[in-house]
Amino acid sequence: MTNSVEIKNQDKPYSNHGSMIIPSGSDQESKSTYNTTIDPNQTAWKSFKDSFRRADPTDKSSDSMDKAISQRHLCLMSLSTGLGTGLLVGAGAKLRAAGPAGTLIGYFIVGFIMLVPTVHSVSELSIAYPGLPGGFQSYFAKFIDESLGFALGWNYAFQWVTVISLELVTASMTIKFWTTSINPDVFVTIFFLIVVGINLCGAKGYAEAELVMNSIKVMMLCGFVIFGIVIDVGGGPQGFIGGRYYRDPGAFTDFKGLVSVFVTGAFSLGGSEFISLAAAETRNPRRAIQVASKFVYYKVIVLFMGSLAMVGLLVPYTSDRLLGSSGGATHASPYVIAAEMHGVKVLPHIINAVILISVTSVATAAMYSSPRLIQSLAEQGLAPQWLNYIDRSGRPLRAWILTVISTFFAYIAAYDKEETVFTWLLSLSALSFIFVWLAICVCHLRFRAALKHNGISLSSLSYVSPTGVIGSWLSIIINVLILIGQFWVALFPVGGDGTPNANSFFENYLAVPMALVCYFGHKIYSKNWKLYKSVDQIDVNSDRVHYDPEIMELERLETKERYKKAPIWKKIYITLFD
């Protein structure tokens, strides 16, 4: 819709953006106040050098961040973000710990019952508040408490910084499938330079690189599901397999093994909330987020549940090549093992190559997001202002340099106990997602309560979560249960002697004390001892984009009419993907 609407409200003029009405004095406008224009007459080298200079904050003619991410980019990110270490490598350890059925149940609970409502909740908030720095990172301080915003903001940013090292270590481990004679740090350096090079190209370069790498990941996993079905029903050299490994060695190990799956499942699915963070650099966040939120269903059902079901049918959980097992000279991805065990000679190499692309993709996403998260903390006053630096290409340069320096930790890959390091990094990262998902759902409930308190109808929102407050409550309950279960598994580890294990506890629960230190540290520094804001203290209108109700109603009627007149194939397409 392109109708021109002009509304006056308390003598403050409003400008129309389609059906979106933004207060001209709001933060939505004031945050887009950086001139990122580079003189096209300069030489390529000089333009490249000048792109690192601070953007001019006095010119309001352009946005501080390039609107380089399109709807197709965001949809593919929603579908494939997280398809890396947690699923393609880490799932092997959980298959060993929980068995094939236990692994599927764990991923189903985390993915479908908990994550899907969370993504709908963050989508509702992101469309209502598309201009807040750091996307959902700003919600914690706005709807709950500034100290919680500080603790979760830094915990989440540190988690993404950690993920870069984790993925680079994983790349060096994956290379061992082909050779163990070369120092792993050589491969860390190679992949590190690739990731840095992509991020130097800014949002546009990142979006295009992710489009290519994510497409490869999705095609590989879809192909693996088809391969698994063919092999399982008798298309391989071993003949019909069926549920052989569900009978021997079995479908489950024990309940503790099932509980241990949840954190790895959280890490695997982590980044699904990334659509909120990317909204600031999306050309049409309202439309793009609405469509992208649908793709989470397909990610969970097909790419995660489908591929893991095939892994469980083709690989026994007692295999000594799975990550975390005591036998085997080298440990490989369960997807590679599935292809190797059933006599397919070329496919393991293809899968291993795609795994390298996958970990590169996740590391690239982590290096893209973590500087923006850190810069947004500075913009909110929760980090040193020195980090609030955006260059002429829209890159948070100083925060990016800090992230790059932190990534040097990945050179621990040459350490002979790199799998122990892998476990520490994986757990530290995974729990951060649990904290953030839980807090996002609490923010959604607080948002709804603030709307009700101010007499604002849900019909005024451009997007309303289909799972509503019930979905947010369900996600909160599951996240709390996961934290309790992880506490139990961390203190009394799988395969232990039944007595408390301090090393295992800190190895698997370190993120909790770190978050508590940040939370109480900020409380002491700010002298803010309130546990949370009361509903009447939440400024629900500040920063919120107001959508014209008449134009939105016309859009809804047009959409219904378009669906009614569409042929059956198009109705299916609209229902599933539009």
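Atom set for the values below is all heavy atoms of this structure, side chains included, hydrogens, waters and symmetry mates excluded.
Looking at Ile198 and Tyr368, their side chains never come closer than 4.5 Å, going by heavy atoms from C-beta outward. The side-chain heavy atoms of Cys443 and Leu125, taken from C-beta on, include a pair separated by under 4.5 Å. Annotation: side chain of Ile175 is not in contact with side chain of Pro184 (no heavy-atom distance under 4.5 Å). Here the side chains of Ser172 and Asp185 are not in contact, with every heavy-atom distance at 4.5 Å or above. Side-chain contact check for Ser126 versus Tyr139: some heavy-atom pair is nearer than 4.5 Å. At least one side-chain heavy atom of Phe435 sits less than 4.5 Å from a side-chain heavy atom of Leu483. Proximity of Leu445 to Phe143: side-chain heavy atoms (C-beta onward) are nowhere separated by under 4.5 Å. Counting only heavy atoms from C-beta outward, the side chains of Ser333 and Thr174 never approach each other to under 4.5 Å.
Closest heavy-atom contact between Thr467 and Pro117: OG1-CA, 3.6 Å. Counting all heavy atoms, side chain and backbone alike, Ala383 lies closest to Trp154 at CB-CZ2, 3.4 Å. The two atoms that bring Phe191 and Ala171 nearest to each other are CD1-CB, 3.9 Å, heavy atoms only. The shortest non-hydrogen separation linking Cys222 to Leu303 is SG-CD2, 3.9 Å. Of all the heavy atoms in Gly242 and Leu313, the pair that sits closest is O-CD2, 3.4 Å. Pairing each heavy atom of Tyr509 with each of Ala490, the nearest pair is CB-CB, 4.2 Å.
Between the side chains of Tyr411 and Ser165, no donor-acceptor pair of N or O atoms lies under 3.5 Å. For the 3.5 Å distance criterion, the side chains of Ser147 and Tyr532 fail to qualify, holding no donor opposite an acceptor. Side-chain atoms of Glu167 and Thr360 include no donor-acceptor pair closer than 3.5 Å.
A distance below 6.0 Å separates the ring centres of Phe177 and His349. Aromatic ring centres of Tyr107 and Phe112: separated by at least 6.0 Å. Outside the 6.0 Å centre-distance limit, the rings of Phe150 and Tyr519 are not counted as a close aromatic pair.
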Trace of the ring-ring contact (aromatic ring centres under 6.0 Å, His included) decision for Phe136 with Tyr156: CA-CA 11 Å; Phe136 61 84; Tyr156 189 72; 5.1 Å; yes

Verdict with supporting geometry, Arg244 and Asp232, salt bridge (charged side-chain N to carboxylate O under 4.0 Å, His left out): CA-CA 9 Å; Arg244 178 188 305 172; Asp232 191 64; over 6 Å; no

Would Tyr335 and Met310 count as a side-chain contact (heavy atoms from CB on, under 4.5 Å) here? Give the steps. CA-CA 9 Å; Tyr335 293 81; Met310 293 302 104; over 6 Å; no

Apply the test side-chain contact (heavy atoms from CB on, under 4.5 Å) to residues Val362 and Lys217: give CA-CA distance (whole Å), side-chain angles for both, the deciding distance (0.1 Å), then the verdict. CA-CA 11 Å; Val362 176; Lys217 289 192 290 184; 4.3 Å; yes

Would you sort out whether Tyr297 and His120 count as a ring-ring contact (aromatic ring centres under 6.0 Å, His included), showing the intermediate values? CA-CA 11 Å; Tyr297 289 98; His120 284 307; 5.7 Å; yes

Please report the C-alpha distance between Glu210 and Ser361 in whole Å, then the side-chain angles of each, then the deciding distance to 0.1 Å, and finally whether the side-chain contact (heavy atoms from CB on, under 4.5 Å) criterion is met. CA-CA 6 Å; Glu210 279 291 89; Ser361 172; 2.7 Å; yes

Please report the C-alpha distance between Met114 and Ile109 in whole Å, then the side-chain angles of each, then the deciding distance to 0.1 Å, and finally whether the side-chain contact (heavy atoms from CB on, under 4.5 Å) criterion is met. CA-CA 6 Å; Met114 185 275 293; Ile109 292 173; 5.8 Å; no

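The pair Glu124-Arg448 meets the salt-bridge criterion, since a charged nitrogen lies less than 4.0 angstrom from a carboxylate oxygen.
Figure legend: cation-pi geometry between Arg247 and Tyr245 absent, as NZ or CZ is not positioned both under 6.0 Å from the six-membered ring centre and within 45° of its axis.
Side-chain atoms of Gln137 never come within 3.5 Å of backbone atoms of Ser376 as a donor-acceptor pair (strictly under, hydrogens ignored). Looking at Arg96, its side chain never comes within 3.5 Å of a backbone N or O of Gly92 through a donor-acceptor pair. At least one donor-acceptor pair under 3.5 Å links the side chain of Thr403 to the backbone N or O of Ala399. The main-chain N or O of Pro348 is never found under 3.5 Å from a side-chain atom of Asn352 such that the two would form a donor-acceptor pair. Looking only at distances, no side-chain donor or acceptor of Asn501 sits under 3.5 Å from a matching main-chain atom of Leu491. Judged by distance alone, with hydrogens and angles left aside, the side-chain atoms of Thr118 form no donor-acceptor pair with the main-chain N or O of Trp437 at under 3.5 Å. The main-chain N or O of Met367 is never found under 3.5 Å from a side-chain atom of Trp400 such that the two would form a donor-acceptor pair. The closest donor-acceptor contact from the side chain of His522 to the backbone of Leu148 lies at 3.5 Å or more, if one exists at all. Between the side chain of Ser319 and the main chain of Pro316, no donor-acceptor pair closer than 3.5 Å is present. Between the side chain of Ser370 and the backbone N or O of Ala366 there is at least one donor-acceptor pair closer than 3.5 Å.
To the nearest 0.5 Å, atoms CG (Leu347) and CZ (Phe227) are separated by 5.0 Å. From Phe433, atom CZ reaches atom OG of Ser268 across 9.5 Å, with rounding to the nearest 0.5 Å. Here the OH atom belonging to Tyr317 is positioned 12.0 Å from the OH atom belonging to Tyr246, to the nearest 0.5 angstrom. In this structure, the separation between CG on Leu377 and CZ on Arg372 is 14.0 Å, given to the nearest 0.5 Å. Between the CZ atom of Phe505 and the CZ atom of Phe492 there is a distance of 10.5 Å, given to the nearest 0.5 Å. Distance OG/Ser369 to OH/Tyr206: 7.0 Å, rounded to 0.5 Å.
Ring geometry, Tyr298 versus Phe295: the interplanar angle exceeds 60°, so the pair is classed perpendicular (tilted spans 30 to 60°).
Screening Val404, Thr364, Thr407 against Val195 for a side chain to side chain contact (heavy atoms under 4.5 Å, CB included) leaves a single residue, Thr364. Between Leu221 and the options Val302, Leu88, Ile216, a side chain to side chain contact (heavy atoms under 4.5 Å, CB included) holds for only Leu88.
Annotation: Phe408, atom CZ; neighbour count of heavy atoms from other residues, nucleotides and ligands within 6.0 Å is above 12. Counted within 6.0 Å of CD1 on Ile470, heavy atoms from surrounding residues, nucleotides or ligands total 12 or fewer; the atom is thus considered open.
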